[in-house]
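All values below come from the heavy atoms of this structure, side chains included, with hydrogens, waters and symmetry mates left out. Nothing fancy with the numbering, it's 1 onward along the sequence.
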Amino acid sequence: MGKNLIYDIHDKPKFGQMLIFAFQQVLAILAATILVPAIIGHGMSQAAALFGAGVGTIVYQLFTKFRSPVFLGSSFAFIGSMLAAFGGAVSASAGYAGIILGAIFAGLVYVVIAIIVKFAGVAWINKLMPTVVIGPTVALIGLSLAVNAVNDLTVGKVLVESTSQVIKDGAIVEEVTMVSGCSPYVALICGLVTVFSIFLFSVYGKKMAKLIPFVLGIGVGYVVASVFTVIGIATNNVALQVINFSAFANMQIFAIPEFTFFEAFKGVKEIDGSFIATIAVAYIPVAFVVFAEHIADHKNLSSIIDKDLLENPGLHRTLLGDGVGSVAGAFFGGCPNTTYGESVGCVAITKNASVVTITTAAIMCMVISFFGPFVTLLSSIPNCVMGGVCVALYGFIAVSGLKMIQKVDLGDSKNLFVVSAILIPGIGGLTVSFGEVTITTIACALILGIVTNILLNRNKEKAE
């Protein structure tokens with residue numbers, strides 16, 4: 001069994017426990033998965049994105065022979081690509097067709113790389129990205145998300161209008177936006193209650209409580225937020241209203257999610273060669289960027305479960321699963337998928353690497369997406385509560401990377417400079433854009449680390 005795991009990859013928890021463990025995974029990936037369609041807009045459905053994530057995860061598990069315990073969710077790396085698809089389309093329907101076409105282009109990149117890996121092996125990848133490169137990159141995945149977690153800690157779900165004066169065409173006009181209505185201090189209390197509850201349940205919890213710290217932590221945070229909200233409603237004080245209970249008033253009990261392909265099929269006839277070229281340029285380069293993050297995620301997960309996933313089931317299988325799963329997910333939800341650090345962190349903290357749990361979570365996402373009460377309940381969890389969850393998850397990812405660096409001799413300047421070349425640009429938020437294509441912070445830092453490692457170890461390679 002891998003490093004002190006309570007449930008290893010092929011272990012099957014009891015049915016009742018498995019459902020709770022799966023729900024915990026759903027909660028871990030929920031916020032990020034439904035946030036992407038919210039950012040893109042254009043009527044994209046959060047329920048469909050949740051369904052697509054479930055489909056993509058099951059496809060990934062099939063390709064990896066149910067040996068890799070990680071969930072696939074909406075990829076933030078493709079947000080610019082998706083916006084470019086809608087921006088270059090003649091109609092919303094064509095935009096939907098474009099984001100599915102883009103996911104196919106990105107998936108094909110993964111397929112091509114997988115074929116190369118199948119015949120060339122993974123030794124070249126291990127040489128290109130040794131521990132001194134991967135360790136700080138994994139740490140950076142957690143650290144780069146720290147700002148998102150902290151920002152969420154002071155935000156609730158109840159929105160109010162905010163007016164501000166801006167200059168347009170030389171004239172001063174008022175611009176109305178929606179901002180969080182609750183006091184940031186009230187939200188912070190709810191967020192801190194959540195994160196400390198997770199810590200306490202994880203460290204001092206007995207039996208089942210120790211295995212589901214996120215479910216219990218979110219539950220405690222939600223109850224505290226509900227108390228504040230009820231008091232706020234009773235006193236007509238919006239500063240205390242953290243949860244948007246009004247969302248439950250208009251919900252449907254059962255509804256088919258607005259799957260992406262419904263609209264995409266209408267827009268196929270509006271696609272021309274120029275638009276296809278635009279989509280290709282927007283998606284294909286980003287796929288290479290996400291490939292680097294794919295390696296980092298699987299190296300990190302391998303260290304947690306004490307099994308080299310790049311060897312078994314093999315990098316070619318994880319790439320095929322990620323690529324084809326991403327296409328399948330986008331067909332339903334519009335968003336290309338990627339392996340989630342939140343899922344990896346949940347596996348690490350709970351010591352539950354059961355693939356059955358991950359698969360059940362995927363099925364749960366698909367089922368939940370059809371039922372309004374569940375979707376509304378999950379989407380009503382305030383940002384501050386999810387921020388508390390992310391503090392624990394992102395922190396664990398960062399520490400996992402730092403633990404890898406412990407094996408590296410940082411007394412050697414060559415290694416020290418490689419780590420520096422990754423952490424400082426990464427924490428500083430370095431990104432590089434070429435038109436609609438943006439090389440993410442993680443990818444920039446990883447590329448700098450690889451180049452630095454090659455430059456500083458040339459003599460070593462010649463000696464070998």
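Contact detail for S369 and V375: the closest heavy-atom pair is CA-CG2, 3.9 Å. The two residues T33 and A53 have their closest heavy-atom pair at CG2-CB, 3.9 Å. In terms of heavy atoms, I218 sits closest to M386 at CD1-SD, 4.2 Å. Nearest heavy-atom pair, T194 versus V385, reported as atom, atom and distance to 0.1 Å: CG2-O, 3.4 Å. Taking every heavy atom of both residues into account, K157 and P382 meet most closely at CG-CA, 3.4 Å. Here the shortest heavy-atom pairing between S420 and P425 reads O-CD, 3.5 Å.
No side-chain heavy atom of F396 sits under 4.5 Å from any side-chain heavy atom of V344. Side-chain contact between M208 and F21 is present, with heavy atoms from C-beta onward closer than 4.5 Å. Looking only at side-chain heavy atoms (C-beta outward), M404 and N300 come within less than 4.5 Å of each other. Residues I40 and I79 are in side-chain contact: their nearest non-hydrogen atoms beyond the backbone lie under 4.5 Å apart. Contact of the L72 side chain with the D322 side chain is registered, since non-hydrogen atoms from C-beta on lie closer than 4.5 Å. Annotation: side chain of C384 is not in contact with side chain of T154 (no heavy-atom distance under 4.5 Å). A 4.5 Å side-chain heavy-atom check between T229 and F245 finds at least one atom pair inside the cut-off. A 4.5 Å side-chain heavy-atom check between I9 and S354 finds every atom pair outside the cut-off.
Side chain of S343 to backbone of F71: a donor-acceptor contact under 3.5 angstrom is found. At least one donor-acceptor pair closer than 3.5 Å links the side chain of Q24 to the backbone N or O of F214. Although no hydrogens or angles enter the test, the distance criterion places no donor-acceptor pair under 3.5 Å between the side chain of E342 and the main chain of A32. A donor-acceptor contact shorter than 3.5 Å links the side chain of S302 to the backbone of K307. Proximity of a side-chain donor or acceptor of N337 to a complementary backbone N or O of G52 within less than 3.5 Å is detected. Using a distance-only test at 3.5 Å, with no hydrogens or angles considered, a donor-acceptor pair links the side chain of R317 to the main chain of F63.
Atoms CG and SG, on L378 and C365 in that order, are 8.5 Å from each other to the nearest 0.5 Å. Note that the CG atom of L153 and the CG atom of N383 stand 10.0 Å from one another [nearest 0.5 Å]. Distance check: L192 CG to L188 CG gives 4.0 Å after rounding to the nearest 0.5 Å. Here CZ of F370 is found 6.5 Å from CD1 of I256. Values are rounded to the nearest 0.5 Å. The line from OG1 of T57 to CE of M366 is 10.0 Å long, rounded to the nearest 0.5 Å. In this structure, CG in L315 is found 10.0 Å from CG in L309, a value given to the nearest 0.5 Å.
Side chains of T338 and H294: a donor-acceptor N/O pair is absent below 3.5 angstrom, by distance only. Residues Q61 and S68 bring no donor and acceptor atom of their side chains to less than 3.5 Å of each other. Neither side chain, Y60 nor S326, offers a donor N or O lying under 3.5 Å from an acceptor on the other.
Residue D409 places its CG atom among more than 12 non-hydrogen atoms of other residues, nucleotides or ligands, all under 6.0 Å distant. Other residues, nucleotides and ligands contribute more than 12 heavy atoms inside 6.0 Å of the NZ atom of K210. Within 6.0 Å of CG on L128 lie more than 12 heavy atoms contributed by other residues, nucleotides or ligands. By the neighbour-count criterion of 12 heavy atoms within 6.0 Å, atom CZ of F254 is densely surrounded, having more than that number from other residues, nucleotides or ligands. In E258, the CD atom is not crowded: 12 or fewer heavy atoms of neighbouring residues, nucleotides or ligands sit closer than 6.0 Å.
Looking at I233, I189, N237 one by one, the single match for side chain to side chain contact (heavy atoms under 4.5 Å, CB included) with F228 turns out to be I189.
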Review point. Where do T360 and L19 land on the side chain to side chain contact (heavy atoms under 4.5 Å, CB included) test, with the steps shown first?
Key: CA-CA 7 Å; T360 303; L19 292 179; 4.1 Å; yes
Review point. Could you go step by step and tell me if Y222 and S380 meet the side chain to side chain donor-acceptor pair (under 3.5 Å) rule?
Key: CA-CA 9 Å; Y222 196 93; S380 73; 2.9 Å; yes
Point to revise | Working for side chain to side chain contact (heavy atoms under 4.5 Å, CB included), residues Y283 and M82 | key: CA-CA 8 Å; Y283 274 83; M82 295 171 71; 3.2 Å; yes
Exercise for review: Would you please test I358 and F66 for side chain to side chain contact (heavy atoms under 4.5 Å, CB included) and show each step?
Suggested key: CA-CA 9 Å; I358 300 292; F66 297 90; over 6 Å; no
Practice item. Go through the steps to decide whether C390 and N148 satisfy the test side chain to side chain contact (heavy atoms under 4.5 Å, CB included), and finish with yes or no. Key: CA-CA 8 Å; C390 291; N148 297 333; over 6 Å; no
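Within the structure, the ring-ring contact (aromatic ring centres under 6.0 Å, His included) test picks out the following pairs touching residues 306-352 (sequence neighbours left out): F51-F332, F259-F332, F261-F331, F261-F332.
Classification of the F86-Y96 ring pair by plane angle, with boundaries at 30° and 60°, yields perpendicular.
Salt-bridge annotation for K351 and D8: absent, with no side-chain N of the basic residue lying under 4.0 Å from a carboxylate O of the acidic one.
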